[in-house]
Amino acid sequence: MAQSAPVSKMSKAQAGYYHFKVGTVNVTALSDGTLALRPGDRLTNVAPGQVASRLAETFQSTHVDTSVNAYLIESGKRLVLVDTGSGELFGPTLNKLVASLQAAGYQPGQITDILITHIHTDHTGGLMDGKRMVFPNATLHVDARELDYWMSAANRAKAPDNKRKNFDEALMKVKPYVDAGKVKAFDGATELAPGLRSVPGYGHTPGHSFYALESAGEKLVFWGDLVHVAEVQLPDPAVTIVFDVDPVAAAAQRKRAFAEAAREKYWVAGDHIAFPGVGRLRADGDGYRWVPMPYMNDHVAPAAN
């Protein structure tokens, strides 16, 4: 009797979370999905052929599947989310953050705090589902420079036509939390919880912020959009991208951050580094090499009855 063909599992959702520890603190990387990007059309301050050759060295063609990551921190009784993904704004391969969060064992209503690295909507799009707050019990924390820039009608009016939708989306996704009194703006380096502080990372946007988590001698810095295409920018931190509000400042910030991370050997997490986006940097010639966090499955299965 002929056997039927096995049922394909490829239509099922990918695993969208990864648990790990920083010292004694539980952290979970959360995937919002991936987005196809043609780096050759987006990266700037590059030599002819530089992007193509770097991608070829990593066995990729003219496009990359860019991860969009967020991170959850268990800080005492607080559940702290770093960025919120893109929501519905960038197509069906994204908008998976809530599903990843739930698969990891949490509900959006449990989130107490959200640390916004910056207000570009692949980081804040997940805040709203239409007119519904996805995280109704959360307080948003964001640098005052960032909030002032994107909430400003004057800045929108001065922006090129192709950049104005960024302001409109910021109003759509962040302003409801402002109006509800759920946003706390901070000024530069600020302690936000025990062992958790903001670090100015200005350049990519006017108030772009890193967040540093320290526990039991370990450190992790959440980089937000310091890196967009690791395959190209790690070997050459001077490479910028069209999304930078101030590309000169963004490149300078990246050079400093890369050098410090390699020198001090702490963990870093990037919103657009291949999921889960956590690793360390090692100096490699004039640039740097990514050393990903080793995978560990430390789940203890329940004992059989």
Side-chain angles (χ1 to χ4, degrees), residues 13 16-22 24-33 68-90 94-144 146-148 150-151 169-187 190-198 207-215 220 222 224 269 271 276:
Y17 65 90
Y18 178 58
H19 298 302
F20 60 97
K21 283 184 178 288
V22 176
T24 63
V25 177
N26 294 322
V27 182
T28 304
L30 298 166
S31 175
D32 189 51
V68 177
N69 306 325
Y71 301 90
L72 182 69
I73 305 163
E74 296 182 18
S75 178
K77 294 183 178 180
R78 296 161 71 178
L79 283 177
V80 182
L81 191 61
V82 182
D83 286 339
T84 68
S86 61
E88 79 291 353
L89 295 172
F90 296 92
L94 290 167
N95 199 18
K96 304 178 189 301
L97 180 68
V98 169
S100 297
L101 182 69
Q102 291 172 331
Y106 307 91
Q107 295 298 326
Q110 294 177 273
I111 304 301
T112 61
D113 300 86
I114 300 175
L115 310 184
I116 300 297
T117 60
H118 63 300
I119 294 181
H120 278 162
T121 40
D122 53 329
H123 302 261
T124 58
L127 286 169
M128 299 293 295
D129 179 8
K131 296 191 178 297
R132 180 182 66 86
M133 288 185 178
V134 176
F135 305 99
N137 300 315
T139 297
L140 273 59
H141 304 267
V142 61
D143 193 289
E146 188 74 0
L147 192 65
D148 291 346
W150 293 108
M151 296 296 107
E169 290 173 350
L171 291 174
M172 177 173 63
K173 296 295 188 173
V174 178
K175 185 99 173 7
Y177 287 80
V178 175
D179 293 342
K182 292 180 174 292
V183 176
K184 283 189 176 180
F186 56 80
D187 182 10
T190 303
E191 184 175 7
L192 302 169
L196 185 60
R197 57 188 170 85
S198 63
H208 184 271
S209 297
F210 308 145
Y211 295 97
L213 171 66
E214 296 186 69
S215 171
L220 169 65
F222 300 93
D271 283 12

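For this chain, numbers begin at 1 and follow the sequence in order.
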- Message: Before you tell me yes or no, could you show the steps for Lys21 and Leu220 under side-chain contact (heavy atoms from CB on, under 4.5 Å), namely the whole-Å CA-CA distance, both residues' side-chain angles and the distance that decides it to 0.1 Å?
- Response: CA-CA 10 Å; Lys21 283 184 178 288; Leu220 169 65; over 6 Å; no
- Item | Check against side-chain contact (heavy atoms from CB on, under 4.5 Å), Ile73 and Leu213 | CA-CA 9 Å; Ile73 305 163; Leu213 171 66; 4.2 Å; yes
- Leu79/Glu74 under side-chain contact (heavy atoms from CB on, under 4.5 Å): CA gap, chis, key distance, verdict: CA-CA 5 Å; Leu79 283 177; Glu74 296 182 18; 3.7 Å; yes
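Asp83 contributes a side-chain N or O that, together with a main-chain N or O of Thr117, makes up a donor-acceptor pair within less than 3.5 Å. Under a 3.5 Å cut-off, the side chain of Thr124 and the backbone N or O of Ile119 do form a donor-acceptor pair. The backbone N or O of Gly125 lies less than 3.5 Å from a partner atom in the side chain of Lys173, making a donor-acceptor pair. At least one donor-acceptor pair closer than 3.5 Å links the side chain of Ser209 to the backbone N or O of Gly207.
Checked by atom type, the side-chain pair Gln102/Tyr17 shows no donor-acceptor distance below 3.5 Å. The closest side-chain donor-acceptor pair between Thr139 and Asp113, if any, does not fall under 3.5 angstrom. In this model, no donor atom of one side chain and acceptor atom of the other lie less than 3.5 Å apart for Ser100 and Ser31. Side-chain contact of Asn26 with His19: a donor-acceptor pair under 3.5 Å is absent, judged by distance alone.
Between Pro176 and Met128 the shortest side-chain heavy-atom distance falls below 4.5 Å. Counting heavy atoms from C-beta on, the side chains of Leu72 and Val80 never come closer than 4.5 Å. Contact annotation: the side chain of Leu97 never approaches that of Val134 to less than 4.5 Å [non-hydrogen atoms, C-beta and beyond]. When side chains are defined from C-beta on, Leu192 counts as touching Phe186, because their heavy atoms get closer than 4.5 Å. Between Leu101 and Pro108, the closest side-chain pair of non-hydrogen atoms falls below 4.5 Å. In this structure the side chain of Pro276 never reaches within 4.5 angstrom of the side chain of Phe20, judged on heavy atoms. Here the side chains of Phe210 and Arg197 are not in contact, with every heavy-atom distance at 4.5 Å or above.
Heavy-atom minimum distance, Leu94 versus Gly33: CD2-C, 3.4 Å. Counting all heavy atoms, side chain and backbone alike, Pro136 lies closest to Met133 at CD-O, 3.7 Å. Nearest heavy-atom pair across Ser215 and Thr24 is OG-N, 3.0 Å. Nearest heavy atom pair, residue Phe135 against residue Tyr177, reads N-OH, 3.3 Å. The minimum heavy-atom distance linking Ala193 with Ser75 is given by the pair CB-OG, 3.9 Å. Nearest approach of Tyr211 to Val82, heavy atoms of both residues: CD1-CG1, 4.4 Å.
For the atom pair CD of Gln107 and CG of Asn137, the computed distance is 12.0 Å after rounding to the nearest 0.5 Å. To the nearest 0.5 Å, atoms CH2 (Trp150) and CG (Leu171) are separated by 10.5 Å. For the atom pair NE2 (His123) and CD1 (Ile114), the distance works out to 14.0 Å, reported to the nearest 0.5 Å. Here the CD atom belonging to Glu146 is positioned 9.0 Å from the CE atom belonging to Met151, to the nearest 0.5 angstrom. Distance check, rounded to the nearest 0.5 Å: CG of Leu30 to OH of Tyr18 gives 13.5 Å.
Checked for salt-bridge contact, Asp32 and Lys96 miss the test: no charged N lies under 4.0 Å from a carboxylate O. Salt bridge Lys175/Glu169: absent, no basic N to carboxylate O contact under 4.0 Å.
Taking the six-membered ring wherever Trp is involved, the centroid distance between the rings of Tyr71 and Phe222 falls below 6.0 Å.
Of the residues listed (Leu140, Leu81, Thr84, Leu196), the one engaging Leu115 in a side chain to side chain contact (heavy atoms under 4.5 Å, CB included) is Leu196, and it is the only one.
The aromatic rings of His120 and His118 lie perpendicular to each other, with more than 60° between the two planes, well past the 30° mark.
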